[in-house]
Amino acid sequence: MTVRLNRTTSNNPNTPVYKIAFTIEDNGQTPAIVEVAEPPQFVIPLSVEPDKELVVLAHQIEKIDVQELAILIGNYGRDRVFDVLLLAKEETEKGNKIRSLTAYLHNAIRNNSASGKSQLGKQKRQDTAQLKTHQDIEKAIKRGFDEFKTHYFLELGTQAPKDKKDAFFQAIQDEIAHKPALRKIYHDGNDWLPDNLRMGLGAKLNTKTDDQLAALYMESVGHPIQRIKNFWAYV
């Protein structure tokens with residue numbers, strides 16, 4: 001077996017060697033193996049410009065180079081970097097010093113630490129916002145719902161056909177005959193109270209739930225709402 005070293009240069013004798021080829025021959029026959037030393041290759045890391053929220057969070061811990069964050073985001077994704085930044089912030093708030101934020105982030109990502117932390121925090125914020133909106137709507141409903149319902153029943157009873165009004169009036173008289181205490185609801189001692197009778201009939205004819213009536217009320221004041229998984233939300 002014979003090994004020959006071939007030096008590849010330009011015609012200028014002062015130019016350095018830029019390629020070396022080794023040729024291995026088997027007893028003078030066709031070369032069996034040829035290996036060529038190629039120039040080294042350099043890999044440019046992928047980088048993604050970090051958004052303001054991420055930079056502000058990082059700088060609360062350490063004045064890390066923004067380009068370092070960009071490379072981390074390019075390699076691991078924005079949410080994953082946000083996860084470990086939140087973890088790092090918690091550590092510093094506990095009094096645990098982080099000597100190098102860049103190294104800490106790399107290690108935390110490799111160890112799969114705090115995975116999903118940012119999404120969990122986002123969900124908690126959404127839940128808190130949803131609850132606050134629900135509570136605000138509940139307060140708005142209470143401010144005028146009873147009055148709205150009274151007017152709604154009154155209008156419903158007023159627009160009822162005559163036969164339904166007559167039937168309801170007869171039923172009320174029959175009930176009062178059995179329970180005289182009911183008389184004070186529809187009678188003032190001298191005369192019948194027509195609005196009370198109309199409201200009573202409207203309540204009987206009503207087919208809507210309190211939630212549906214509440215939605216009607218809020219729509220009437222210019223703030224349409226709907227229930228989503230037992231929580232009020234503005235439409």
Side-chain angles (χ1 to χ4, degrees), residues 51-54 56-57 60 78-79 82-83 85-87 89-90 93-94 114-235:
D51 55 79
K52 184 177 180 181
E53 182 183 20
L54 215 63
V56 169
L57 178 59
Q60 290 175 355
R78 193 261 186 197
D79 287 346
F82 198 16
D83 287 343
L85 276 173
L86 289 172
L87 181 63
K89 189 170 186 296
E90 287 181 0
E93 289 173 348
K94 292 176 184 177
S115 182
K117 192 176 186 65
S118 59
Q119 288 301 317
L120 180 61
K122 181 180 179 181
Q123 186 61 51
K124 286 182 179 179
R125 291 192 295 273
Q126 289 175 343
D127 291 345
T128 300
Q130 182 186 49
L131 179 59
K132 185 179 185 306
T133 299
H134 172 79
Q135 292 171 337
D136 289 344
I137 291 175
E138 287 279 358
K139 290 177 183 177
I141 290 171
K142 288 180 181 178
R143 283 196 290 268
F145 180 59
D146 288 341
E147 184 179 353
F148 171 82
K149 190 159 66 170
T150 296
H151 282 89
Y152 181 82
F153 289 163
L154 178 60
E155 187 67 19
L156 202 59
T158 301
Q159 295 179 1
K162 185 177 183 303
D163 61 329
K164 289 190 178 295
K165 291 179 180 177
D166 291 343
F168 179 73
F169 184 58
Q170 184 60 53
I172 289 298
Q173 292 184 89
D174 293 342
E175 286 185 28
I176 290 174
H178 291 89
K179 296 180 180 179
L182 295 175
R183 183 179 179 83
K184 62 182 180 181
I185 298 175
Y186 301 102
H187 205 280
D188 66 358
N190 297 310
D191 300 303
W192 290 97
L193 301 172
D195 281 351
N196 287 18
L197 287 168
R198 295 184 186 108
M199 282 187 290
L201 175 57
K204 183 176 181 180
L205 296 175
N206 175 54
T207 58
K208 296 186 182 299
T209 65
D210 274 0
D211 277 359
Q212 290 171 325
L213 289 174
L216 278 178
Y217 163 62
M218 291 298 287
E219 186 175 359
S220 73
V221 296
H223 299 290
I225 59 173
Q226 63 180 342
R227 269 200 186 273
I228 302 176
K229 295 181 179 178
N230 296 322
F231 286 92
W232 285 118
Y234 289 108
V235 177

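Using a 4.0 Å cut-off between charged side-chain N and carboxylate O, K89 and E93 make a salt bridge. Checked for salt-bridge contact, R183 and E175 miss the test: no charged N lies under 4.0 Å from a carboxylate O. A salt bridge links R198 with D195: the distance from a Lys NZ or Arg NE/NH1/NH2 to an Asp or Glu carboxylate oxygen falls below 4.0 Å. Ion pairing between a basic and an acidic side chain is recognised when a charged N comes within 4.0 Å of a carboxylate O; R143 and E138 show no such pairing.
Going from atom CD of Q130 over to atom CD of Q123 covers 8.5 Å, rounded to the nearest 0.5 Å. For the atom pair L57 CG and L85 CG, the distance stands at 5.0 Å (nearest 0.5 Å). Interatomic distance, CZ of R227 versus CD1 of I137, reported as 9.5 Å (0.5 Å rounding). Distance CG/L197 to NE2/H187: 9.5 Å, rounded to 0.5 Å. Atom-to-atom distance recorded for D83:CG and Q119:CD is 7.5 Å, nearest 0.5 angstrom. With rounding to the nearest 0.5 angstrom, the OG atom of S115 is 11.5 Å from the CG atom of L87.
A donor-acceptor contact shorter than 3.5 Å links the side chain of H151 to the backbone of E147.
Between I185 and L193, the shortest heavy-atom distance links the atoms O-CD1, 3.9 Å. The two residues I228 and A233 have their closest heavy-atom pair at CD1-CB, 4.1 Å. Of all non-hydrogen atoms in N196 and Y186, the two that sit nearest each other are O-CE2, 3.6 Å.
No side-chain heavy atom of P224 sits less than 4.5 Å from a side-chain heavy atom of Y234. Looking only at side-chain heavy atoms (C-beta outward), L216 and Q212 stay at 4.5 Å or farther from each other. Taking the side chain as every heavy atom from C-beta outward, I141 and W232 approach each other to under 4.5 Å. With contacts defined as side-chain heavy-atom distances shorter than 4.5 Å, the pair L205/L201 qualifies. Counting heavy atoms from C-beta outward, K165 and Q170 have side chains that stay 4.5 Å or more apart. At least one side-chain heavy atom of N206 sits under 4.5 Å from a side-chain heavy atom of Y152. A 4.5 Å side-chain heavy-atom check between L213 and F153 finds at least one atom pair inside the cut-off. Counting heavy atoms from C-beta outward, D210 and K149 have side chains that approach closer than 4.5 Å.
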CA sep, side-chain torsions, deciding dist, call: W192, I172, side chain to side chain contact (heavy atoms under 4.5 Å, CB included)
CA-CA 11 Å; W192 290 97; I172 289 298; 4.3 Å; yes
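More than 12 non-hydrogen atoms from other residues, nucleotides or ligands lie less than 6.0 angstrom from CD of Q126.
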